[in-house]
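Report on the structure given below.
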Amino acid sequence: MLLLQFSTSHYCRKARLALGYKDISYQVENLTPGLHLLKLKPLTGLTTVPVLKPQLDNQPTAIADSSRIIQFLESYCPNPPLYFDDPQLQTQALMLEDWLDESIGTATRFVYYQFRAGSGKQIDPSLLSQVVIQVVRRQYGIDPASAELAGQRLKVAFEVLQVWRDRPYLVGDRFSVADLAAAALLSPLALIPDYRQEYPWLFESITRIHQLCGEALPPGLSG
């Protein structure tokens, strides 16, 4: 299998965690932002990463979107499972995944890139890095006001995810797609000292899940 990705994307990290958890061998192709359009549009009709190319007989040529990739992996390799057989638990897990994808992953992006353009600039002050950061900020409309609103959404997320303080799983009594999505989509916050200091339990769970999935720890936790 081949995963087409941006190396820094937390949505691509989500796909890697799923592949790692299922112990599926795969290769990675890192795409260049901007030029990636030329490769992805003919494959999927979309312009977003991640994209998984199964490279298997009688399987789709390419699968876009981290949630659809996980759906495919569940059918291709059911064990160990990320989904539940119990319909109620499965509904809870998928609702959490969707909320994390559509709301919290976006909020993380806003807060992270605002930080990298300001007090976090010293992490990589190179011209190329700063150009990429400014391009992303323009693309998504990231500014102090929108980042502040995103930070408020994250505070709500931490209240919901506080279940991790008392037990290892967000839904049911085992690891699921909900835990995986939270660990991936909040991982960029590990570079922001204030979050690491205020929510140590969150990053303990993120670390544990990366180790479970055999994925390298995100920047900020790997030192």
Side-chain angles (χ1 to χ4, degrees), residues 3-17 28-41 46-51 64-66 99-161 180-207 209-210 215-223:
L3 184 67
L4 307 179
Q5 68 161 19
F6 296 152
S7 61
T8 58
S9 166
H10 49 333
Y11 290 93
C12 296
R13 181 176 292 273
K14 182 183 166 196
R16 295 198 307 271
L17 286 173
V28 165
E29 181 178 340
N30 290 318
L31 304 180
T32 302
L35 296 179
H36 75 287
L37 306 177
L38 302 176
K39 191 174 190 75
L40 297 188
K41 189 74 171 177
L46 303 172
T47 60
T48 55
V49 290
V51 170
D65 183 79
S66 62
W99 170 65
L100 288 159
D101 275 349
E102 300 301 324
S103 178
I104 304 310
T106 299
T108 297
R109 178 189 290 130
F110 275 57
V111 169
Y112 172 78
Y113 280 101
Q114 183 64 21
F115 168 75
R116 288 295 307 277
S119 59
K121 188 174 183 178
Q122 73 279 2
I123 292 171
D124 184 354
S126 69
L127 177 61
L128 177 59
S129 174
Q130 292 305 307
V131 167
V132 169
I133 288 168
Q134 293 307 320
V135 167
V136 171
R137 292 178 77 236
R138 283 198 299 273
Q139 178 182 357
Y140 292 104
I142 300 172
D143 57 27
S146 61
E148 174 64 24
L149 289 174
Q152 295 301 317
R153 283 160 59 192
L154 288 178
K155 287 184 178 181
V156 173
F158 301 144
E159 291 295 323
V160 173
L161 299 177
L180 185 147
L185 299 179
L186 292 166
S187 63
L189 301 178
L191 269 177
I192 305 178
D194 287 350
Y195 283 103
R196 290 203 311 274
Q197 293 165 11
E198 189 167 355
Y199 304 101
W201 54 268
L202 174 70
F203 298 101
E204 289 170 4
S205 291
I206 289 174
T207 297
I209 289 167
H210 278 70
E215 173 68 17
L217 292 177
L221 297 179
S222 54

- [ ] I would like to know whether Ser129 and Val132 meet side-chain contact (heavy atoms from CB on, under 4.5 Å); could you show each step before the answer?
- [x] CA-CA 5 Å; Ser129 174; Val132 169; 5.9 Å; no

Open item on the list: Between Glu215 and Ile209, is the side-chain contact (heavy atoms from CB on, under 4.5 Å) condition met? List the steps.
Closed with: CA-CA 9 Å; Glu215 173 68 17; Ile209 289 167; over 6 Å; no

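Within the 4.5 Å cutoff, the side chain of Arg16 has no heavy atoms near those of the Pro50 side chain.
Defined by atom type and a distance below 3.5 Å, a donor-acceptor pair is missing between the side-chain atoms of Arg153 and Thr106. Residues Gln114 and Arg137 bring a donor and an acceptor atom of their side chains to less than 3.5 Å of each other. Judged by distance alone, the side chains of Tyr113 and Arg109 never bring a donor and an acceptor atom under 3.5 Å apart. Judged purely by distance below 3.5 Å, without hydrogens or angles, the side chains of Glu148 and Gln152 pair a donor atom with an acceptor atom.
Closest of all the heavy-atom pairs between His210 and Ala216 is CD2-O, 3.3 Å. Residues Ala184 and Ser187 share a closest heavy-atom pair of O-OG, 2.6 Å. Taking both residues in full, the closest heavy atoms of Arg13 and Pro218 are given as NH2-CA, 3.6 Å, listed atom of the first, atom of the second, then distance. The two atoms that bring Ala182 and Leu100 nearest to each other are N-CD1, 3.6 Å, heavy atoms only. The shortest heavy-atom contact between Ala117 and Ile133 is CB-CG2, 4.0 Å. The two residues Ala147 and Phe110 have their closest heavy-atom pair at CB-O, 4.0 Å.
For Gln130 (side chain) and Asp124 (main-chain N/O), a donor-acceptor pair under 3.5 Å exists by modelled atom type. When atom types are taken as modelled, the side chain of Tyr11 and the backbone of Asp101 share a donor-acceptor pair closer than 3.5 angstrom. At least one donor-acceptor pair under 3.5 Å links the side chain of His10 to the backbone N or O of Gly105. Between the Thr207 side chain and the Phe203 main chain, a donor and an acceptor come within less than 3.5 Å of each other. Looking only at distances, no side-chain donor or acceptor of Ser9 sits under 3.5 Å from a matching main-chain atom of Val49.
For the atom pair CG of Leu161 and CH2 of Trp201, the computed distance is 5.5 Å after rounding to the nearest 0.5 Å. Between atom CD of residue Gln5 and atom SG of residue Cys12 there is a gap of 5.0 Å, rounded to the nearest 0.5 Å. Distance check, rounded to the nearest 0.5 Å: CG of Leu185 to OG of Ser66 gives 6.5 Å. Note that CG of Leu186 is 5.5 Å distant from CG of Leu202, once rounded to the nearest 0.5 Å. Between the CD1 atom in Ile192 and the OH atom in Tyr112 there is a gap of 8.5 Å [rounded to 0.5 Å]. Taken to the nearest 0.5 Å, the CG atom of Leu154 stands 11.5 Å off from the CG atom of Leu149.
Ring-plane geometry between Tyr195 and Tyr199 is classed as parallel, the angle between the planes falling under 30 degrees on a 0 to 90 degree scale with a further cut at 60.
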